[in-house]
Amino acid sequence: MEEDIKTWEYNLHCEIASVHECERLVDNVLVFQDKEDQEYYLGTAWLADEEDAANDSSISVGECLSSCILPIVFCPFCGEKLG
């Protein structure tokens, strides 16, 4: 899990204080608390797969193609109030 968190931190350009554990969470999405401002965010990262790499020689499998973080107060998957 620690290695996964480091990958998320790298792809989202932040430091993660804690992760909201939610059974309804979908792939490539993380609900987390930022270490700096202690706020909760929904983060997502789109990573290159084999097809992406085959279509563009400058892209490697697993490379982050795009990422986004949005501030949230409630988990959008289970409805739990965060913080």
Side-chain angles (χ1 to χ4, degrees):
M1 181 67 163
E2 180 69 26
E3 191 171 305
D4 292 338
I5 295 300
K6 293 294 180 194
T7 300
W8 276 105
E9 289 178 329
Y10 178 80
N11 289 332
L12 298 176
H13 309 286
C14 67
E15 285 188 78
I16 296 172
S18 65
V19 174
H20 170 64
E21 300 294 332
C22 179
E23 293 179 11
R24 297 180 182 171
L25 211 58
V26 296
D27 290 339
N28 297 331
V29 173
L30 186 71
V31 174
F32 67 94
Q33 184 179 29
D34 184 73
K35 207 174 247 184
E36 184 177 328
D37 65 14
Q38 298 298 304
E39 297 295 328
Y40 278 87
Y41 294 91
L42 172 72
T44 185
W46 291 272
L47 306 179
D49 59 17
E50 291 178 7
E51 184 178 344
D52 295 319
N55 291 331
D56 186 337
S57 62
S58 68
I59 295 174
S60 302
V61 172
E63 180 179 345
C64 185
L65 301 178
S66 180
S67 64
C68 178
I69 60 172
L70 301 168
I72 56 175
V73 177
F74 294 89
C75 174
F77 300 99
C78 70
E80 182 179 325
K81 183 170 176 34
L82 304 167

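Side chains are part of it too, since the values below use all heavy atoms of this structure and drop only hydrogens, waters and symmetry mates.
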Using every non-hydrogen atom in the two residues, find where [X] and [Y] come nearest and quote the distance to one decimal.
| X | Y | value |
| --- | --- | --- |
| F74 | G79 | CD2-O, 3.4 Å |
| I16 | W8 | CD1-CB, 3.9 Å |
| A48 | S60 | CB-O, 3.3 Å |
| E63 | S58 | OE1-O, 3.8 Å |

Distance, nearest 0.5 Å, that separates [atom1] of [X] from [atom2] of [Y]:
| X | Y | atom1 | atom2 | answer |
| --- | --- | --- | --- | --- |
| N11 | S66 | CG | OG | 10.5 Å |
| L12 | Y41 | CG | OH | 11.5 Å |
| Q33 | E15 | CD | CD | 13.0 Å |
| C14 | E39 | SG | CD | 13.0 Å |
| I69 | H13 | CD1 | NE2 | 9.5 Å |
| E9 | T7 | CD | OG1 | 9.5 Å |

Is a side-chain N or O of E80 found less than 3.5 angstrom from the main chain of C75, in a donor-acceptor match?
-> no
For the side chain of T44 and the backbone of V29, is there at least one donor-acceptor N/O pair under 3.5 Å apart?
-> no
Give a yes or no on whether Q38 atom CD has more than 12 heavy-atom contacts from other residues, nucleotides or ligands under 6.0 Å away.
-> yes
Under 4.5 Å between side-chain heavy atoms, counting indirect links through other Ile/Leu/Val/Met/Phe/Trp/Tyr residues: same cluster for [X] and [Y] or not?
| X | Y | result |
| --- | --- | --- |
| I72 | F77 | yes |
| I5 | V31 | no |
| L42 | L82 | yes |
| L47 | L30 | no |

Derivation and outcome, side chain to side chain contact (heavy atoms under 4.5 Å, CB included), residues S18 and Y40 | CA-CA 9 Å; S18 65; Y40 278 87; 3.9 Å; yes
